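One structure is given below, encoded as structure tokens.
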Amino acid sequence: MPTVLQELPLDRQLRLALDQLALETPTPVQAQMIPAALAGSDLLVSAETGSGKTLAYLVPILQRLLSEQAPRDAGALALILVPTRELARQVLKSCRELTAKSPLQAMALTGGADFKYQKAQFRKNPEIVIATPGRLLEHCEKGSADLSALKVLVLDEADRMLDMGFRDDVLKIAGFCSPGRQTLLLSATLKTRGMGELGNSLLKEPQTIAVDPPRQAQASIHHQRILADSVDHKNQLLLALLENNEGRRSLVFANKRVTAERLSGLLGHHGLKVDSLHGEMSTEERKRVMAAFREGKIHVLCASDLAARGLDVPDIETVINYDLPHSGDDYVHRCGRTGRAGATGVAISLVEASQWNLMISIQRYLNMDFEQRALPGLKARYSGPKKTKGSGKAAGGKKKKTGKDGAKAKQRARDSKNKGKPKRGKPSGAVNDGTGPLMKKK
DNA sequence: AAAAAAT
């Protein structure tokens with residue numbers, strides 16, 4: 001296995017670009033995936049967030065395109081499907097850096113842009129297309145996209161691309177692709193086993209690359225939880241956390257677009273440099289906000305799960321789940337916006353009593369306990385389910401650490417308000433992607 | 001259970 005990229009048999013133009021980017025040492029996923037992809041196999045790849053998956057597929061794709069002959073007007077030769085416009089643009093940027101010294105052309109194809117302009121772009125026959133599914137499918141059906149000579153199909157965030165919202169479109173697109181193409185599926189949360197029929201319809205004798213032990217909490221991210229009593233309390237906690245974090249880059253996740261907007265307004269009102277990002281905004285607004293966040297013009301981004309996957313913004317120190325995500329996988333992706341590429345980060349979840357069971361199921365899914373923290377003067381009145389003597393079934397019993405128990409008089413442990421434990425066996429909102437109970441009755 | 005991707 002190569003320890004430096006120079007040892008790989010790469011085209012000179014590609015190597016020049018890698019040199020320019022000062023990329024020498026491949027990350028573990030790159031070291032495993034690049035040779036396997038160059039050998040031509042279909043691959044199922046799981047590797048943690050921020051571990052370098054994008055380059056792990058771009059390098060072998062570009063190498064294949066540079067070393068293999070293809071007719072001039074063959075249409076697209078490589079197609080990369082991603083779940084959001086932001087991710088498409090980000091991958092395009094990486095791709096253009098790598099093709100800087102070669103004649104290969106790449107384009108991004110997403111909704112929210114002019115259809116005719118995209119059609120014109122296709123006529124220039126870019127070898128590499130990076131797309132979100134909806135708009136590409138339209139081009140396929142109207143005949144402006146030609147995928148019949150495709151050499152490589154990539155599903156980035158593959159589990160997302162194959163879940164309900166995207167699956168139909170993605171499978172239809174795959175139907176337009178050359179049957180002889182190579183297919184690569186990647187995600188931090190890809191279940192490499194049990195792909196079943198879905199896998200068979202897309203992949204041929206896939207090889208599996210699982211770089212990190214599945215569902216192992218990432219060592220680079222410190223996971224914390226803060227208990228909250230109400231929406232108002234959560235707002236105060238959020239403000240306190242961010243005011244102590246002035247000038248650093250933070251990302252706040254909410255479960256709804258309107259909540260993201262509301263939080264952005266609230267924080268802005270308190271003088272923080274903040275904006276929001278979600279799918280109801282226009283492409284232009286989304287571009288502007290992402291650029292402002294990348295350039296440091298805003299320090300806090302309040303986002304929906306639009307920002308949960310793939311986005312690579314350096315130096316996000318803190319990810320805050322204002323709302324808990326609905327699944328363990330969503331949690332992994334959200335928190336994975338920090339602690340990337342060797343950096344460390346903190347993930348803080350605000351947990352209301354009604355979300356306790358969901359939190360437990362996420363912890364169990366990740367096989368870890370979040371460190372419990374409290375902010376001075378803002379300690380929650382509830383402290384998790386009451387422990388029952390001897391029964392050993394208090395779900396939060398394995399806490400690693402509790403926040404300093406200093407504030408004694410302040411908090412009346414008014415457990416009566418949140419009487420008893422939340423119902424067992426039916427965690428609120430838990431679903432079947434690992435956060436659900438182990439045994440599930442249909 | 002909500003969000004994203006299309007019109």
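Each chain gets a letter, A, B and so on, in the order the sequences are listed, and its residues count up from 1. Computed from a predicted structure; not experimentally measured.
- Nucleotide dA4(B) holds its P atom 10 Å from the CE atom of Met281(A), rounded to whole Å.
- Residue Asp159(A) is tested with Lys191(A), Arg167(A), Arg309(A) for a salt bridge (charged side-chain N to carboxylate O under 4.0 Å, His left out); the sole match is Arg309(A).
- In the set dA3(B), dA1(B), dA6(B), dA3(B) carries the atom at the smallest distance from any side-chain atom of Ser304(A).
- A centroid separation of 6.0 Å or more is found between the aromatic rings of His233(A) and Tyr382(A).
- Straight-line distance from the CZ atom of Phe253(A) to the P atom of dA4(B): 11 Å, rounded to whole Å.
- Dashed line: the shortest gap from a side-chain N or O of Thr132(A) to OP1 or OP2 of dA6(B) is under 4.0 Å.
- Asp169(A) has its CG atom 8 Å from the C1' atom of dA6(B), to the nearest Å.
- Atom CG in Leu136(A) sits about 16 Å away from atom C1' in dA4(B), given to the nearest Å.
- Among residues at least two apart or in separate chains, there is no ring pair (Phe, Tyr, Trp, His ring centres under 6.0 Å) pair with a member in residues 272-310 of chain A.
- Taking atom NE2 of residue His333(A) and atom C1' of nucleotide dA3(B), one finds them 14 Å apart after rounding to whole Å.
- Across the protein-nucleic acid pair, Glu280(A) atom CD and dA6(B) atom P stand 15 Å apart, rounded to whole Å.
- Contact check, Arg85(A) against dA6(B): a side-chain N or O comes under 4.0 Å of OP1 or OP2.
- Under the rule for a ring-ring contact (aromatic ring centres under 6.0 Å, His included), the partners of His139(A) that lie at least two apart in sequence or sit in another chain are Phe115(A), Phe122(A).
- Between Gln90(A) and Leu311(A), some side-chain heavy-atom pair lies under the 4.5 Å cut-off.
- Between dA5(B) and Arg309(A), no contact under 4.0 Å exists linking OP1 or OP2 to a side-chain N or O.
- Of the candidates dA5(B), dA3(B), dA6(B), dA6(B) carries the atom nearest the Glu138(A) side chain, counting heavy atoms from C-beta on.
- With rounding to whole Å, Asp330(A) atom CG is found 12 Å from dA4(B) atom P.
- Within 4.0 Å (heavy atoms only), Arg286(A) reaches sugar-phosphate atoms of the nucleic acid but no base atom.
- When distances run from any side-chain atom of Arg257(A) to the nucleotides dA4(B), dA6(B), dA1(B), the shortest one goes to dA4(B).
- In this entry the distance linking NZ of Lys256(A) with C1' of dA1(B) reads 10 Å, nearest Å.
- Backbone-only contact: Gly111(A) has heavy atoms under 4.0 Å from sugar-phosphate atoms and none from a base.
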